[in-house]
Amino acid sequence: MSPNWCTCVCVAGLLAVSQASLAADKAPSLDEAMAQIKTYKFGESRRALSAVEEAVLRAGPAAEARDRLAARLGALLAADATLDCKRFVCRQLATLGSAQSVPVLAPLLLDEKLSDMARFALESIPGAAAGEALARAIDKSSGAIRIGLINSLGDRKDSAAALVLASLLNAGDAANVEAAIVALGKVGGDKASAALAERKSSVPAAIRFALMDAYLRCGDSFMKQGEPAKALPIYEAAFATGEPVLIRVAAIKGLVTVKGDKSLPLVLSQLEDPQPEMQSAALRLVRGMPGEAVTQALVDRLAKFPPERQSLLLGVLADRADQSALPAVVGALQSQSGEVRIAALTALGGLAGKRAVSLLAQAAADKSGAEQEAARSSLARLKGANVDAAILASLNDKNASAREELARAVGMRNIAGAVKVLLQTARDSQPAVRVASLESLAALAGESDVAALVEMLVQGQSDAERRQAGQAVVAVARRSSKPDSQIDAPLSALGKAGDPAIKAQLLRVVGEIGGPRAAQAAEAALRDGDAQVRDAAVRALVASGDASALPQLWQIAKSGEGEQQQVALQGYIRLLDAPSPRKSAETVAAYAQAFALAKRIEEKRQVLFGVQKLRSSEAIKFVVPLLTDKELGFDAARVIIRQTDPGRRAQAARAGSPDQMSREEAIAALKRVLETTEDSRVRQRVQMMLESETYR
Amino acid sequence: MKLNQHISRRQFVKNVAAISAPFIIPAMALGRDARPAPSNRITMGFIGIGGMGGGLLRSFLEHADAQVVAVCDVDSERRLAAKTLVEEKYAGQSAANRYKGCADYNDFREVIARADIDAVCIATPDHWHALPVLAAAKAGKDIYCEKPLGLTVAEGRVMSDTVRRYGRVFQTGSQLPSTPHVLHGCELVRNGRLGKIHTIYASCGAGPSVGLQPEMPIPEGFDYELWLGPAPWVPYTKLRCHGEFRWNLDYSGGQITDHGAHYCDIAQRGLGTELTGPVEYEGQGDFPTDGLYNTATRFKVECTYPSGVKLICTDEGRGGTTFVGSEGTLYIGDGAIDTEPRHLAHSVIGPNEIRLYNSPDHHQDFLDCIKSRKDPIAPIEWAHRAASIGHIGNMAMQLGRKLRWNPETERFVNDSEADRMLSRSMRSPWHL
């Protein structure tokens with residue numbers, strides 16, 4: 001999920017404390033830090049802790065140095081140190097500790113307040129001593145501490161723990177037994193799997209799933225270790241009738257991994273299992289099983305299934321990409337079920353080659369809705385060296401609707417060298433074929449085709465054709481390495497055009513290409529006698545993205561009427577954001593003018609969010625009074641948070657272009673937000689900003 | 001149906017074992033516009049309804065083939081607001097203008113124990129991703145879970161193995177590849193439009209820090225013990241929880257695992273290395289030495305793939321992924337792609353070139369894959385590999401030395417000290 005605005009601000013460093021200021025206070029030496037951490041309590045400075053942590057992380061591989069530091073830390077566990085200190089030390093020993101740390105950690109395992117953190121360390125410490133300490137503590141413990149110890153033995157994955165854990169399978173309450181079961185699953189290996197197998201027949205129903213899950217985990221571990229012979233009996237046992245369906249689902253996956261092709265009959269039989277979960281698992285498995293025999297087996301079953309399962313099976317056949325399924329897929333096009341026909345059309349895109357070109361073009365032409373979409377999509381996806389040639393050769397099909405579909409597919413498939421043919425089909429007798437050809441030309445035409453496309457625009461027989469030809473010109477310009485030079489042909493045509501509809505389309509093209517020449521041409525067209533052309537000229541001025549259009553747009557925004565006035569005002573506000581040599585104060589003044597003129601909340605909000613990028617004294621002075629505006633107050637608060645963001649402030653200073661807003665002005669604005677805003681999230685953000693190093 | 005607030009472990013397991021998943025009719029059989037009959041909708045429970053979870057809830061409420069039946073959060077204010085949102089939404093669609101079918105829960109285990117729920121959406125803090133995912137997978141639920149996948153590399157590995165063991169459909173909240181510009185950008189890279197790629201920048205943004213925070217009373221209606229869950233116990237303070245979890249290493253990994261999960265995922269897709277990753281990591285980071293937060297504020301980690309391609313994860317630059325190749329540069333951000341030369345962005349990818357999975361709607365893709373049982377666009381193993389880059393990047397910065405990584409074994413090469421940081425112990429009774 002994309003971050004929302006609050007997160008965005010935070011991400012940008014809303015709360016950023018100046019690290020430079022933190023670094024200004026000299027970090028304590030290790031000796032000083034070791035002495036200081038002894039009395040540490042949560043909420044106090046972490047400086048000493050950080051110094052120790054740094055030493056632990058950078059201790060290096062030399063055992064002697066590591067042990068020396070670990071011993072100093074371990075001494076704190078036996079000393080009269082605070083609870084928070086001891087918790088911290090345990091964390092460090094998780095990274096640094098060795099067998100020599102075990103004696104100081106072991107007694108803490110039975111301490112209600114430190115047991116978890118002692119395990120934190122002992123779980124990570126290599127060697128038998130740590131595991132033995134955990135195991136020894138089990139007998140002396142109960143409740144959550146005991147469960148934690150069993151969990152830790154499992155997480156160490158130490159095969160030596162298997163016997164201890166196995167002994168727990170028949171002792172204690174269900175929670176303890178279950179913890180031991182789970183731990184054995186993690187440890188894996190011969191002893192663990194044997195213990196689980198033995199307990200399998202007598203485990204209470206409530207923890208049977210946990211046991212089978214652990215048992216399967218042992219099987220998976222054997223597979224990872226390259227011992228399929230040991231995994232096989234586990235999967236076979238788990239697949240037995242009567243086991244929970246999910247266990248059987250996992251088991252059949254394991255069986256396929258061990259047996260490969262030989263498991264096909266078993267998997268196929270599960271396609272007809274009464275339990276949907278098992279059917280789904282079988283579908284998933286056959287998708288990845290290679291071989292024509294598998295495909296044939298699936299094809300043989302296709303007609304026997306009800307329509308909803310046929311469509312799923314057709315999806316599987318498509319994913320398998322085995323062309324031997326093609327006849328069955330084509331046959332499914334005749335199904336009475338629309339769902340099956342859609343699935344078959346979709347499958348053809350992945351399976352078929354040039355032979356399906358006519359079939360899919362015809363389907364796309366004849367069908368509607370989801371079937372038409374499926375046929376079009378498949379026509380665009382068909383693979384194979386000769387597919388493109390087949391499509392180009394079929395462009396003279398007698399059926400105009402099929403020609404239209406094929407012409408559209410040419411662009412979707414990015415067929416190289418097809419422009420010449422498309423320029424011909426763009427003159428087809430049927431309007432739909434012409435428009436589809438122009439759509440494809442938008443994807444494929446090059447700079448050398450611009451003149452021809454402009455000519456098609458001028459000669460277009462309908463608005464749709466003219467619009468599509470124009471879009472093709474714009475698309476070429478956007479792809480071009482010299483986009484500005486693509487404006488020559490449409491500008492020249494604009495100079496000669498007389499028909500207002502053609503002029504309007506050309507202005508749209510010129511505006512979309514953009515730049516100062518586009519703005520100039522649009523400005524000239526503002527004086528045209530035809531309203532349609534004048535309207536297009538205003539929009540082209542806006543689209544040009546050129547700051548030279550600002551004065552003219554401002555005039556129209558001030559004195560224009562209706563939609564044209566609205567377009568001009570929105571465009572003016574938008575263009576104020578375009579690169580310009582204006583000073584920030586001038587830009588803010590222009591935004592303020594626009595704000596004063598705006599009658600609708602949309603434009604006022606547009607101004608506000610334009611100003612938010614300006615981090616100057618003038619900009620914040622413009623926004624602060626809006627905090628009390630009934631409709632805009634919340635937005636104004638958001639803008640101020642962005643303008644005063646400490647992270648951005650620091651970043652700007654580092655980049656050598658510091659904000660043109662003093663720290664005091666920023667603080668005053670943030671305090672004003674607190675005075676005027678009730679929104680709890682905004683208030684929390686602002687309070688945190690004011691607590692940050694930048695503004696404290 | 002609302003279960004007792006304190007469900008027993010035994011009851012939970014019993015319910016899980018009794019699962020009977022409905023056979024769901026594909027949406028295309030029903031037409032996109034028509035709302036399927038209630039019995040054919042995918043029933044969903046939402047676990048974690050903060051900023052991200054709330055957004056996901058609102059999105060799935062708009063999908064006709066999903067039916068939200070449960071919401072869960074340890075903050076009662078949030079879950080009740082979510083329940084109201086759901087019920088008001090569905091009431092507006094009912095003839096009687098009334099709807100009371102969304103239960104609210106404090107404990108995620110109660111959601112997962114419901115046999116009538118097909119799928120869960122998990123948007124908890126990162127330290128609370130693994131446990132609900134594992135429980136949901138073992139209960140036969142399909143799962144949508146926010147990124148980054150887990151809190152550690154070890155968590156990600158267990159999550160991926162378990163989800164795949166039980167054949168669950170899993171979609172990660174890495175939604176960017178479900179946008180046309182990201183798909184197109186990655187296809188441009190995969191088809192060599194930029195020439196030979198040599199460097200990729202994942203610009204994740206700087207992280208914050210904050211001053212010392214005092215212990216505070218736990219707000220009424222907030223189950224802080226459950227919020228902490230498997231993480232080490234510490235006293236409550238406001239800026240530890242909710243949206244601020246991301247800046248504390250006990251609950252998250254900071255920007256490199258947050259935005260990094262998105263941008264490294266895109267880097268992996270561009271390179272075609274979704275199932276593996278870099279083999280060397282080296283970097284520096286500024287970790288606050290005081291105050292409450294402790295994730296890196298500024299950072300730069302250089303990750304090297306076996307091919308020699310460098311992936312630079314950094315706080316600097318325009319947020320997004322930038323591929324640099326011998327023939328050009330491509331920037332992929334949240335809303336657009338930019339190329340140099342510019343015309344590269346408009347290059348069309350043909351059917352005989354490498355085409356990547358196309359998902360026009362990330363959430364619909366999840367629902368569709370529940371029906372087809374295919375892997376969606378952001379499957380769990382890919383999410384695990386992308387998240388691992390951030391986790392290992394953090395470790396390289398913390399340890400201050402080059403780390404050599406084996407993506408096959410998911411262990412470091414001759415570096416037992418670093419291996420110890422791949423997993424973390426959990427507070428009892430929680431376990432992976």
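Chain naming here is simple, since letters A, B, ... match the order of the sequence lines and numbering starts at 1 in each.
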Please state whether the side chain, the backbone, both or neither of [X] comes within less than 4.5 Å of a heavy atom of chain B.
X	value
A:K113	neither
A:L122	neither
A:F42	side chain
A:R91	side chain
A:N151	side chain
A:A281	neither
A:E44	backbone
A:S45	both
A:A442	neither
A:A183	neither
A:D220	side chain

Test side-chain contact (heavy atoms from CB on, under 4.5 Å) applied to A:K253 - qualifying residues, sequence neighbours left out: A:L285, B:R164
Partner residues of A:D319 under the side-chain contact (heavy atoms from CB on, under 4.5 Å) criterion, sequence neighbours left out: A:R287, B:K374
Worked check of salt bridge (charged side-chain N to carboxylate O under 4.0 Å, His left out) between B:D142 and B:R373: CA-CA 10 Å; B:D142 294 316; B:R373 308 314 297 173; 2.8 Å; yes
Which pair of heavy atoms, one from [X] and one from [Y], lies closest together, and at what distance?
X	Y	value
B:L422	B:M395	CD2-CE, 4.0 Å
A:G148	B:S428	N-OG, 3.3 Å
A:R413	A:R381	NH1-C, 3.9 Å

Crowding at CD, A:Q687 (>12 non-hydrogen neighbours, <6.0 Å):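 Counting neighbours around CD of A:Q687, more than 12 heavy atoms of other residues, nucleotides or ligands fall under 6.0 Å, so yes.
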Most chain A-contacting option - heavy-atom pairs closer than 4.5 Å, from [options]:
options	result
B:T237, B:D315, B:L432	B:L432
B:D161, B:D250, B:L344	B:D250
B:H343, B:Q398, B:R165	B:R165
B:P341, B:S372, B:A154	B:S372

Parallel, tilted or perpendicular: rings of B:Y293 and B:W247 (30°, 60°):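 If you compare the ring of B:W247 with that of B:Y293, the planes turn out tilted.
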